[in-house]
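Computed from a predicted structure; not experimentally measured. The chains referred to below are lettered A, B, ... by the order of the sequence lines, with proteins before strands, and numbering in each begins at 1.
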Protein chains: 2
Amino acid sequence: MGYLANAPRLDALIEGLESADSIERLQSASVAFRDFYGVNHVVYHWVNSAGEQYGCGTYDDVWVDRYLEKGYLRVDPVIQGCYQKFHPIDWKRLDWSSKAARAFLQDAIAHGVGNQGFSIPIRGPNGQYALFTVSHICSDEEWEEFTTGHRRDLILIAHCFNQVALQLEPGRAPDQGQPLSPREVEAMTMLAIGLSRAQAADKLSISEHTLRVYVESARFKLGALNTTHAVARALSRGLIVV
Amino acid sequence: MGYLANAPRLDALIEGLESADSIERLQSASVAFRDFYGVNHVVYHWVNSAGEQYGCGTYDDVWVDRYLEKGYLRVDPVIQGCYQKFHPIDWKRLDWSSKAARAFLQDAIAHGVGNQGFSIPIRGPNGQYALFTVSHICSDEEWEEFTTGHRRDLILIAHCFNQVALQLEPGRAPDQGQPLSPREVEAMTMLAIGLSRAQAADKLSISEHTLRVYVESARFKLGALNTTHAVARALSRGLIVV
DNA sequence: TGCCGCCTCGCTATTTCTGGGGAGTAAGAA
DNA sequence: TTCTTACTCCCCAGAAATAGCGAGGCGGCA
């Protein structure tokens, strides 16, 4: 399958994907990419900032249901492994050594998932996390050839899926609440790096009480229930960096 | 500048980038891309998991020094804005309304940064954060044409920069410490969403003391000084998701 | 089989955090 | 100018977290 000859058709597919306005159209885009590349499966899975999971792709419904029912999310080395990475990864390079992982793999292959796979993780500022996966049944050599040949396309497609998924997410992004003041940011940062209030106040050269005012203020702005929650939210929203 | 005619040359540039093994070579790759696209500046900036900042690109040293000296990191709407996004963004769409931001913009243009810019944020699991930026001096229309025409290339290039930068990062990724047990993860998650220890214990249907054991254990594994610190670390390392 | 890690539970004492209250200055926005 | 917002400081009582001590059962691994 020559890249150049198919480039215009790929462009058309990507444009179709970019204009998708529903999960159903993401689904049909998955099918289109699967057919285009002649692979067994193309899947896009994402977790929005509320922690809700979505998925679309060419997997059999039976497999998807089984996956959820069996709690494979906590076993699947693809999910676990890619969550720690931020570049595309071949399934062969993941850790399949645990017993649960091997059982999962066997089950997956039995459901036609494919012995080869290539997944691209992308993450967002508010805990959004997406995984674009292509899987296939073939030899290591064939798969190597496929992934090296289409790696760049796949990254691009993953990005496009991601952008569409983001738009489908209900408007959480637009500044849910007021921004933190500089001092509030500093105070929250001190707490996030493990300092007690007294230490943090000392570090910022202010009284402990003043620091407390900042923390309380930040907590209020973040709609957090306590300091730990506030720090967690500030981190998740990218307001502070540790 | 036709895309098709230059595609092979672009491929060569990307391959050159992918083989880079030092910051210096990233630097020269920036120059190559700048010349290829005929824009004023190409810059790549990243923050590794230790919070250390790096940058390379075609900006003048004078401007870089001034940027750091003036603390523009905390003012620059590109940094602040892109940190909240996870898709490419045109500088025009950022919030330049604050006084500090306008002053910064004026200073930036005076140092030849360019009135137009396009930045692509990418982030990693352990707080790594990267920004690939192309900036230029031209009209809105010209810039619009450039960004729509080269958007996909730029995303790809950003990814490649990212991958190289990751490889340059000293090996922090490989499991700095033991992983958290499932119950520890659940316990930390409960705290991260704002529950008190008593509430969290209730939610997990265990005694408060048991929950406390998990939290302490997690805190120990994470090398954290207190609960808030532990939650912050667990979040930063992607061990829990809120 | 023995070891190790995980999960579960109880008690006590000390330190720290939380959540109310109020009050004044300085700087930037309307 | 007026008004808001950010920043700074103080007190107090009750709630929560921390740091020790202890125990036993279960399951995987060598």
Run the ring-ring contact (aromatic ring centres under 6.0 Å, His included) test against [X] and tell me which residues pass, sequence neighbours left out.
X        : value
B:Tyr44  : B:Trp46, B:Phe161
B:His111 : B:Trp63
B:His45  : none
A:His41  : A:Tyr59

Which nucleotide in the list C:dT8, D:dC7, D:dA17 gets nearest to the side chain of B:Tyr214?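 For the B:Tyr214 side chain, the nearest candidate turns out to be C:dT8.
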A:Val213 side chain: which of D:dC9, C:dT8, D:dC7 is closest?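 Closest nucleotide to the A:Val213 side chain: D:dC9.
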Quick test: give all pairs of protein nitrogen or oxygen and nucleotides 24-30 of chain C nitrogen or oxygen below 3.5 Å, distance rounded to 0.1 Å.
none

Can you measure [X] atom [atom1] to [N] atom [atom2] for me and round it to whole angstrom units?
X        : N      : atom1 : atom2 : answer
B:Phe220 : D:dA19 : CZ    : C1'   : 13 Å
A:Lys221 : D:dC7  : NZ    : C1'   : 11 Å
A:Leu180 : D:dT5  : CG    : C1'   : 14 Å
B:Leu191 : D:dA17 : CG    : P     : 8 Å
A:Glu216 : C:dG19 : CD    : P     : 6 Å
A:Arg219 : C:dC17 : CZ    : P     : 13 Å
B:Arg212 : C:dT14 : CZ    : C1'   : 13 Å
B:Arg197 : C:dT8  : CZ    : C1'   : 16 Å

What nucleic acid atoms does A:Thr210 come within less than 4.0 Å of, heavy atoms only: base, sugar-phosphate, or nothing?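 Result for A:Thr210 = base.
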Check salt bridge (charged side-chain N to carboxylate O under 4.0 Å, His left out) between [X] and all other residues, then give those that pass, not counting sequence neighbours.
X        : answer
A:Asp202 : none
B:Arg151 : none
B:Arg212 : none

Quick one: on DNA chain C, does B:Glu184 or A:Asn226 contact a more 5' nucleotide (nearest heavy atom)?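 That would be B:Glu184.
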For atom CD of B:Glu208, is the number of surrounding heavy atoms from other residues, nucleotides or ligands below 6.0 Å larger than 12?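 Yes, CD of B:Glu208 has more than 12 neighbouring heavy atoms, counting only those of other groups under 6.0 Å.
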Backbone of B:Leu204 reached by a side-chain donor or acceptor of B:Arg183 within 3.5 Å: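 Checking the backbone N and O of B:Leu204 against the side chain of B:Arg183, a donor-acceptor pair under 3.5 Å is found.
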Looking at [X], does any N or O in its side chain come under 4.0 Å of the phosphate oxygens OP1/OP2 on [N]?
X        : N      : answer
A:Ser217 : D:dA6  : no
B:Thr227 : D:dT18 : yes
B:Ser181 : C:dG5  : no

Expected list for residues 201-209 of chain B near DNA chain C, using heavy atoms below 4.0 Å, is B:Ile206, B:Ser207, B:His209
Using a 4.5 Å cut-off on heavy atoms from C-beta on, say whether the side chain of A:Phe146 contacts that of A:Cys138.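 No, their side chains stay 4.5 Å or more apart.
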